[in-house]
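Written out below as structure tokens is the structure these notes cover.
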Amino acid sequence: MDSAAAARAAALPIFFILTFAAAAPASPAQRKPASIPAPDKNAQFKYVEGALGGPSYDIKCEGVDVGDFDGDGKLDIVFATGFVLQPARQKKHIPQLQMNKSTGEGNIKFVDEALERLPKDFAVQAGMVTVFDADRDGDLDICFAQMGSRPARLILNDGKGHFTETADARFPTVKMSSASVEFGDVDSDGDLDLVFSDQGSKTRLFINDGTGKYTDETDARMPDIAVPVAQDATFADIDGDFDLDLVVIGKHANGQNLFVNDGNGKFTDATPVLNYPGTANNYECEWADLDNDGDVDAFWVSIEKMNEGASKNLLRETGKLSFEHLTNCIKGHNGDDDNEITFIDVNDDGFLDVIVGSLLDWPEKLYINDGKWNFTYVNAFDFGIDPTCDAAAGDFDNDGRTDYVTANGESGTGNKIYRNTGPKDTHGPNILKIDNPGRLSAAGVFEFHAFIQDNSYDDGQDFIHCSFNAEIEAKNGKFKKENIAMTNMGGHLFRGALDLAAMKAEPNGVKASIIIEAVDHTGNKTRSKPALVTSTK
């Protein structure tokens with residue numbers, strides 16, 4: 001990431017706002033106080049000194065993700081090791097694999113067990129890392145996106161938190177300069193595919209065959225559009241049709257890219273619909289339903305110069321996909337050299353708040369979301385400047401509060417964990433929409449999808465587990481199925497599937513009354529009202 005804030009601010013990007021009712025805010029130089037806020041001992045997020053350690057603790061890290069690798073019910077952490085600014089000149093390093101040794105509420109302690117658990121001599125120059133179940137065996141695998149014209153690396157979990165690397169025949173060895181990777185079921189077949197940004201080249205799409213064997217299908221499925229200085233690639237159902245679309249951003253003002261999915265994993269360019277030119281400071285955007293109206297909105301790093309802002313999706317209001325790009329929604333401090341966005345409902349009011357990871361000029365920043373397009377700055381972190389390149393959310397001590405972890409990519413001062421001391425999470429996942437009609441495959445599998453989000457979200461991770469009950473009315477009788485697991489597609493979508501052929505139910509014209517149960521990491525549950533889903537090819 002760029003460490004010269006002045007040089008970055010010197011770029012003069014073009015900026016366009018679809019609807020802009022208020023005057024433009026003052027420049028960062030006009031608004032920035034003479035000094036940063038002093039650490040507040042009463043702040044909600046408290047730095048846990050000594051929570052992380054190990055042989056690679058002070059190596060620069062560009063990416064971080066979380067998951068329970070060894071199945072003990074506690075969230076572990078993986079850090080990517082690399083330096084995006086100078087990938088060609090920095091050697092590769094062993095990643096950090098921080099295993100959770102916390103003993104209870106208020107106690108957060110990790111031990112780096114990378115040497116014991118990763119493949120022998122495993123090292124990467126990674127721009128990002130993602131945690132997901134690649135081979136559908138019920139445990140979490142890890143993929144590293146590398147910089148400097150290097151192939152991505154996929155390592156598979158044995159179920160106990162020990163990893164082996166996939167053979168070349170099972171994973172493409174395409175050389176990329178990739179600052180991001182994210183998982184998502186783009187073709188709705190029940191397994192997780194991978195997307196990679198590739199700086200100056202087309203966005204890469206690797207398709208999963210269901211066993212963790214991947215094929216590079218970029219040429220067949222992705223638009224022939226090179227993204228200059230590509231940073232973030234993220235999945236979300238932007239147009240509300242229950243498949244995963246793709247937003248790819250880069251540090252440029254040529255148009256941030258929106259690629260729309262046809263439902264089968266083939267993408268077309270819809271960048272003019274997003275209608276956001278971008279800036280030379282764009283590093284990250286995250287998508288979620290920020291006003292709980294049933295469509296996904298965006299929060300951006302540097303939507304205008306170095307000012308954060310949001311894109312309100314107008315699909316529900318107008319019936320047509322369009323966006324209102326906002327900077328005046330930010331109340332209070334704004335305009336720093338920032339890199340990262342993480343959603344956590346920190347005050348347990350049912351709306352996702354925004355934490356911005358700041359690189360150079362300011363400590364981590366919390367913006368409280370009132371659900372009415374006001375995001376108000378709060379000094380919520382008790383540490384000073386924490387040069388964040390990436391961050392993630394997770395309840396590390398299982399106390400019902402979502403904590404926060406940062407990856408430090410330019411300072412070499414070490415990654416950090418902040419314990420959330422605010423209110424506990426009391427809300428079950430929000431089941432926002434269930435699609436109708438469902439989709440009927442040629443093999444007689446009847447599938448439907450649901451849009452569900454919980455109290456935290458970052459880069460596809462949301463810690464929700466879903467199942468459903470179905471009462472089925474077919475031409476040849478009535479059938480009932482209970483407690484059927486749904487698969488997490490990424491991007492807030494979940495897929496339910498009924499094998500009508502195996503049930504011997506006549507597939508055409510099926511009507512199914514569906515009840516979904518969604519459970520979060522804390523154990524909060526939500527059951528949907530019965531939803532009628534009919535089949536269509």
Side-chain angles (χ1 to χ4, degrees), residues 52 61-82 94-100 110 112-114 117-119 122 124 126-146 152-166 171 178-185 191-196 206 208 212 214 232-235 244 286 340 342-344 389-396 402-407 415 417 454 456-465 487-492 494 520-521:
L52 299 168
C61 293
E62 294 283 349
V64 58
D65 207 353
V66 301
D68 180 6
F69 298 129
D70 55 0
D72 65 353
K74 295 185 286 190
L75 292 175
D76 309 302
I77 306 173
V78 59
F79 290 96
T81 48
I94 184 172
Q96 290 184 40
L97 192 66
Q98 298 273 356
M99 303 303 293
N100 194 334
F110 289 81
D112 186 359
E113 298 183 0
R117 294 178 177 272
L118 296 182
F122 185 81
V124 291
M128 190 52 65
V129 59
T130 192
V131 171
F132 67 113
D133 185 0
D135 50 4
R136 301 177 68 181
D137 63 354
D139 55 41
L140 293 175
D141 310 303
I142 303 174
C143 184
F144 295 91
Q146 295 204 95
R153 307 279 291 276
L154 175 64
I155 54 177
L156 301 179
N157 193 341
D158 68 354
K160 299 179 181 179
H162 294 87
F163 294 85
T164 56
E165 189 160 15
T166 53
F171 198 71
S178 182
S180 70
V181 55
E182 189 162 318
F183 65 85
D185 182 1
D191 55 48
L192 294 174
D193 312 300
L194 292 170
V195 65
F196 298 85
F206 291 2
N208 193 342
Y214 285 82
D232 193 35
T234 187
F235 286 122
L244 291 176
E286 285 286 359
E340 167 65 8
T342 305
F343 294 134
I344 302 176
C389 279
D390 194 30
D395 182 359
F396 298 125
T402 302
D403 309 304
Y404 181 76
V405 56
T406 64
N415 308 315
I417 286 183
D454 195 34
S456 71
Y457 184 80
D458 182 73
D459 294 334
Q461 301 290 1
D462 51 19
F463 312 111
I464 303 172
H465 296 277
T487 58
N488 185 345
M489 299 176 66
H492 310 285
F494 291 79
D520 66 16
H521 183 74

Going from CG on Asp191 to CZ on Arg136, what distance comes out if it is rounded to the nearest 0.5 angstrom? 5.5 Å
Which residues share a ring pair (Phe, Tyr, Trp, His ring centres under 6.0 Å) with Phe235, sequence neighbours left out: none
When you compare the side chain of Phe463 with that of Leu75, does any pair of heavy atoms fall below 4.5 Å? yes
Between Glu62 and Met128, is any pair of side-chain heavy atoms under 4.5 Å apart? no
Quick one, Thr166 and Leu156 - any side-chain contact, counting heavy atoms below 4.5 Å? yes
Distance, nearest 0.5 Å, that separates CD1 of Ile142 from CD of Glu165: 11.5 Å
Mark yes or no for whether Asp403, through its side chain, and Asp395, through its backbone, hold a donor-acceptor pair below 3.5 Å. no
My understanding is that only residues two or more places apart in sequence, or in another chain, count here; which of them pass side chain to side chain donor-acceptor pair (under 3.5 Å) with Asn488? Asp462
Side chains of Ile155 and Leu118 in contact at under 4.5 Å (non-hydrogen atoms): yes
Looking at every heavy atom in both Thr402 and Gly394, which two are closest together, and how far apart are they? CG2-N, 3.6 Å
Contacts of Ser178 that satisfy side chain to side chain donor-acceptor pair (under 3.5 Å) - sequence neighbours left out: none
Asn100: side chain to side chain donor-acceptor pair (under 3.5 Å) partners, not counting sequence neighbours: Ser102
Can you list the residues that meet the ring pair (Phe, Tyr, Trp, His ring centres under 6.0 Å) rule with Phe171, with sequence neighbours excluded? Phe206, Tyr214
Heavy-atom pair of closest approach, residues Ala407 and Asn415: CA-OD1, 3.3 Å
Can you find a heavy atom in the side chain of Leu52 that is under 4.5 Å from one in the side chain of Phe79? yes
To the nearest 0.5 Å, how far apart are CG in Asp390 and OG1 in Thr406? 9.5 Å
Over all heavy atoms of both residues, which pair between Leu244 and Gly490 is shortest? Give the atoms and the distance, please. CD2-O, 3.3 Å
Using a distance-only test with no angle check, is there a side-chain donor-acceptor pair under 3.5 angstrom linking Glu182 and Ser180? no
Between Lys160 and Asp70 the two heavy atoms that sit nearest each other are O-CB, 3.5 Å
State which residues pass side chain to side chain donor-acceptor pair (under 3.5 Å) with Tyr404; sequence neighbours excluded, sorted by chain then number. Glu364
Among Asp459, Asp232, Thr342, which one satisfies side chain to side chain contact (heavy atoms under 4.5 Å, CB included) with Glu286? Asp459
Is the shortest heavy-atom distance from the side chain of Ile464 to the side chain of Phe494 under 4.5 Å? yes
Within this structure, what is the CZ-CD1 distance for the pair Phe110 and Ile417, rounded to the nearest 0.5 Å? 4.0 Å
Can you tell me if NE2 on His465 sees more than 12 non-hydrogen neighbours from other groups inside 6.0 Å? no
First locate atom CZ of Phe132, then atom CG of Asp193, and finally report the distance between them rounded to the nearest 0.5 Å. 9.0 Å
Scanning both residues in full, the closest heavy-atom pair of Thr81 with Cys61 reads CG2-SG, 3.9 Å
Does any donor atom in the side chain of Asp76 or Gln98 lie under 3.5 Å from an acceptor atom in the other side chain? no
Non-hydrogen atoms of Asn157 and Asp141 that approach each other most closely: N-OD1, 2.7 Å
ring-ring contact (aromatic ring centres under 6.0 Å, His included) between Phe122 and Phe163, worked out: CA-CA 10 Å; Phe122 185 81; Phe163 294 85; 9.2 Å; no
Working to the nearest 0.5 angstrom, can you tell me the gap between His162 NE2 and Arg117 CZ? 4.5 Å
How far apart are the C-alpha atoms of Gln146 and Val124, what are their side-chain angles, what is the distance that settles it, and do they pass the side chain to side chain contact (heavy atoms under 4.5 Å, CB included) test? CA-CA 7 Å; Gln146 295 204 95; Val124 291; 3.5 Å; yes
